[in-house]
Amino acid sequence: MNDLLILSIVVIIYLLLTGYVGYVAWRRTKTADDYMVAGRETHPFVMALSYGATFISTAAIVGFGGTAGVYGMGLLWLTFLNILVGIFIAFVFFGKRTRKMGHNLGALTFPEFLSKRFDSRFIQYFSGLVIFFGMTLYASVVLIGMARFAETTLSIDYNIALVVLAVIVALYVIFGGIRGVMYTDALQGTIMFVGMFILLVATYWMLGGVTDANQALTNLVNVVPAKATAAATATGFTGWTSMPALGSPFWWTLVSTLILGVGIGVLSQPQLVVRFMTVKSNRELNRAVLVGGIFILLMTGTAFIVGALSNVYFFETAGKLAMQVVNGNADSIIPAFITAAMPLWFAYLFMITLLSAAMSTLSAQIHTQGTALGRDIYETLTNKAGGYASVYIARLGIAIAMVIAVIMGFILPTNIIAVGTSMWFSITAAAFLSMYVFALFWKGCTKAGAISGLVVGTLISLFWLVFEYKKSAEALGIAKALTGKAVLTTALPWPTVDPIVIALPIALVVTVVVSLLTRKLSKEHMDKCFEGV
């Protein structure tokens with residue numbers, strides 16, 4: 001049986017399973033509540049796997065895995081933050097309050113939750129606009145991650161892979177709503193877990209075991225070409241098993257963008273927050289913590305470890321570092337490693353793993369974008385609550401969002417996956433996190449305070465991405481076109497400081513100051529919000 005036939009059979013079986021699960025979800029989707037929050041009756045195992053599979057995408061496995069090939073195992077601090085903040089704090093402290101308060105207010109989306117908490121229609125449609133347009137960048141890099149793997153490992157044309165994946169995901173999300181998303185997430189999360197576990201064990205076994213492999217990676221800094229070592233050292237690089245020099249460009253990018261940007265920004269991800277509103281009690285959230293924590297540990301830990309260790313494999317087999325093998329495109333490191341180091345059968349299994357990662361995250365993204373357009377923008381601006389029209393507009397929004405993501409997948413530059421993911425996480429943290437935290441924990445936060453933090457955080461983060469942060473400013477080219485300079489401020493460390501470090505603290509301060517100076521919400525409204533919280 002030839003390789004193409006084996007691959008075709010594996011993919012067809014996977015797509016049939018996904019299609020069946022999506023069909024079951026479609027049969028159980030009858031109302032707007034079903035479409036938006038799965039009727040608030042999701043099983044904790046399904047919820048935890050859906051949350052984890054949505055969180056961990058091809059951006060994490062391919063993009064951040066490849067980035068670990070550049071920055072080394074210091075990126076494992078992101079795994080630590082993902083579990084501490086993204087799972088434990090998110091579920092135990094944020095999730096329980098979000099679930100109860102969302103139920104009290106009858107909220108079906110994250111912007112609607114914030115809007116009803118602060119009694120502001122502006123918050124709902126402004127947040128919806130940020131999500132609908134901003135999340136497209138994140139969706140596009142997830143698509144790119146899968147398409148790059150298909151191109152590098154399976155010799156499938158990048159453009160064809162991009163379009164086919166987009167069409168498959170769009171279909172089951174459009175018809176199945178969030179039930180379709182979460183049910184397929186659980187299936188895809190299970191496949192991802194198995195695939196990544198095999199990859200971790202196989203990599204360490206191939207390189208002589210945990211101790212020998214890690215020691216070889218540590219020693220590699222002494223044997224790489226002198227020119228490459230000198231260039232890396234000048235930016236703060238100290239080795240693949242140690243942190244960069246404190247305050248260096250390498251350190252700022254690793255810590256502020258990759259670790260803090262995603263590690264903290266996870267709390268304000270709309271597609272993750274809405275999962276808290278799909279369970280019926282706090283008990284489900286407690287039970288989901290362990291499953292979610294183990295899942296995130298294996299997914300991110302494996303990607304970052306394998307990405308860093310790929311340098312050992314390529315140096316031993318080709319005499320080159322990973323970035324030299326892939327001609328400077330970090331997005332291709334993981335696919336190149338799988339192609340070179342693993343047997344063909346594993347490449348097929350890993351393709352299904354990545355397909356699962358891409359589809360689970362992408363489906364949640366475009367569902368969130370669709371509901372942002374239908375529920376948060378259309379209903380709010382037209383003052384037409386509920387009904388089939390909003391679901392129809394949501395489905396139309398899903399199609400539009402996917403088309404935009406595909407177009408961006410064609411035009412975005414190389415090395416964009418990890419940076420694009422971090423950009424979106426930084427935008428959401430700056431825009432939503434201060435308002436979200438105070439919505440749950442501070443009754444003194446006012447409507448004016450929440451709006452001020454939302455607008456100021458959004459504008460400052462966008463300004464910093466366009467004009468100050470070098471990686472995004474160079475990719476966008478707007479600062480160069482308007483001012484003739486790639487960034488406005490060239491003195492270090494500012495071009496390497498992520499927007500979250502600047503915009504989030506300012507948004508927090510603005511929210512507090514304005515809240516202290518403006519009129520509080522009524523006692524009746526606050527009692528309704530915090531009943532049973």
Side-chain angles (χ1 to χ4, degrees), residues 85 89-90 93-94 97-98 100-102 104-105 107 109-135 256 260-261 264-270 273 372 376-377 380-381 383 423-469 497-531 533:
V85 178
I89 292 176
F93 296 101
F94 283 68
R97 285 176 170 257
T98 301
K100 183 58 180 174
M101 195 177 291
N104 292 344
L105 299 172
T109 67
F110 182 49
E112 185 178 19
F113 170 83
L114 296 172
S115 169
K116 290 188 173 183
R117 164 62 178 85
F118 293 108
D119 193 24
S120 167
R121 294 174 69 242
F122 173 83
I123 287 177
Q124 187 165 356
Y125 65 75
F126 187 90
S127 300
L129 287 168
V130 171
I131 291 168
F132 185 76
F133 290 105
M135 192 177 277
S256 73
L260 287 181
I264 302 299
V266 61
L267 287 174
S268 55
Q269 289 299 296
V273 171
D376 302 315
I377 300 172
T380 306
L381 294 178
N383 204 27
M423 285 169 62
W424 167 245
F425 275 65
S426 293
I427 291 171
T428 57
F432 303 136
L433 189 53
S434 62
M435 177 170 54
Y436 181 38
V437 169
F438 292 138
L440 297 177
F441 298 101
W442 186 31
K443 294 183 179 181
C445 186
T446 66
K447 175 179 175 179
I451 292 174
S452 299
L454 168 64
V455 174
V456 169
T458 302
L459 294 180
I460 292 178
S461 65
L462 291 176
F463 172 83
W464 201 265
L465 287 168
V466 173
F467 293 104
E468 297 289 2
Y469 184 57
V497 175
D498 191 80
I500 193 173
V501 177
I502 307 297
L504 179 55
I506 294 175
L508 283 165
V509 171
V510 167
T511 304
V512 171
V513 171
V514 175
S515 292
L516 293 175
L517 298 175
T518 53
R519 184 169 60 90
K520 304 294 186 287
L521 292 161
S522 69
K523 183 179 182 302
E524 292 77 10
H525 179 74
M526 298 309 297
D527 287 344
K528 177 182 178 181
C529 292
F530 284 88
E531 181 183 354
V533 174

Whether the [X] and [Y] side chains hold a donor-acceptor pair (N or O, under 3.5 Å, no angle test) is what I'd like checked.
X    : Y    : value
E531 : N104 : no
T446 : T518 : yes
Y436 : T98  : yes

Can you give me the closest heavy-atom contact between [X] and [Y], atom names plus distance?
X    : Y    : answer
L454 : T458 : O-OG1, 2.7 Å
G265 : T428 : O-OG1, 3.9 Å
I451 : S120 : CD1-OG, 3.6 Å
P270 : I131 : CG-CD1, 3.6 Å
I123 : S115 : CG2-N, 3.9 Å
G457 : A507 : CA-CB, 3.9 Å

List the steps and the verdict of side-chain contact (heavy atoms from CB on, under 4.5 Å) for S426 and L465. CA-CA 9 Å; S426 293; L465 287 168; 5.6 Å; no

Could you grab the distance from atom [atom1] of [X] to atom [atom2] of [Y], nearest 0.5 Å is fine?
X    : Y    : atom1 : atom2 : answer
F118 : Q124 : CZ    : CD    : 13.5 Å
M101 : K116 : CE    : NZ    : 13.5 Å
L504 : S434 : CG    : OG    : 6.5 Å
L114 : L105 : CG    : CG    : 10.5 Å
S461 : W424 : OG    : CH2   : 10.0 Å
S452 : M435 : OG    : CE    : 11.0 Å

What I'd like to find out is whether the side chain of [X] reaches to under 4.5 Å of the side chain of [Y], using heavy atoms alone.
X    : Y    : result
C445 : T511 : yes
Q269 : V273 : no
D498 : L260 : no
S515 : F438 : no
V130 : F432 : yes
L521 : R117 : yes
I427 : P499 : no

Hey, can you tell me if F113 and F110 have their rings parallel, tilted or perpendicular (30° and 60° cut-offs)? parallel

Is the side chain of S268 donor-acceptor paired with the backbone N or O of L433 at a distance under 3.5 Å, no angle test? no

Side chain W464, main chain V497, donor-acceptor under 3.5 Å: yes

I'd like to know if K528 and E524 make a salt bridge, using a cut-off of under 4.0 Å between side-chain N and carboxylate O. no

Under the criterion side-chain contact (heavy atoms from CB on, under 4.5 Å), I'd like the reasoning laid out for F122 against T380: C-alpha separation, chi angles, the key distance, then a yes or no. CA-CA 8 Å; F122 173 83; T380 306; over 6 Å; no

Counting only heavy atoms not in F133 (residues, nucleotides, ligands), do more than 12 fall under 6.0 Å from its CZ? no

Does the gap between the ring centers of F530 and F441 come in under 6.0 Å? no

Please evaluate residues L508 and V512 with respect to the criterion side-chain contact (heavy atoms from CB on, under 4.5 Å), reporting the C-alpha separation (whole Å), side-chain torsions for both, the decisive distance (0.1 Å), and the verdict. CA-CA 6 Å; L508 283 165; V512 171; 5.7 Å; no

Full working for side-chain contact (heavy atoms from CB on, under 4.5 Å) between D376 and S127: CA-CA 8 Å; D376 302 315; S127 300; over 6 Å; no

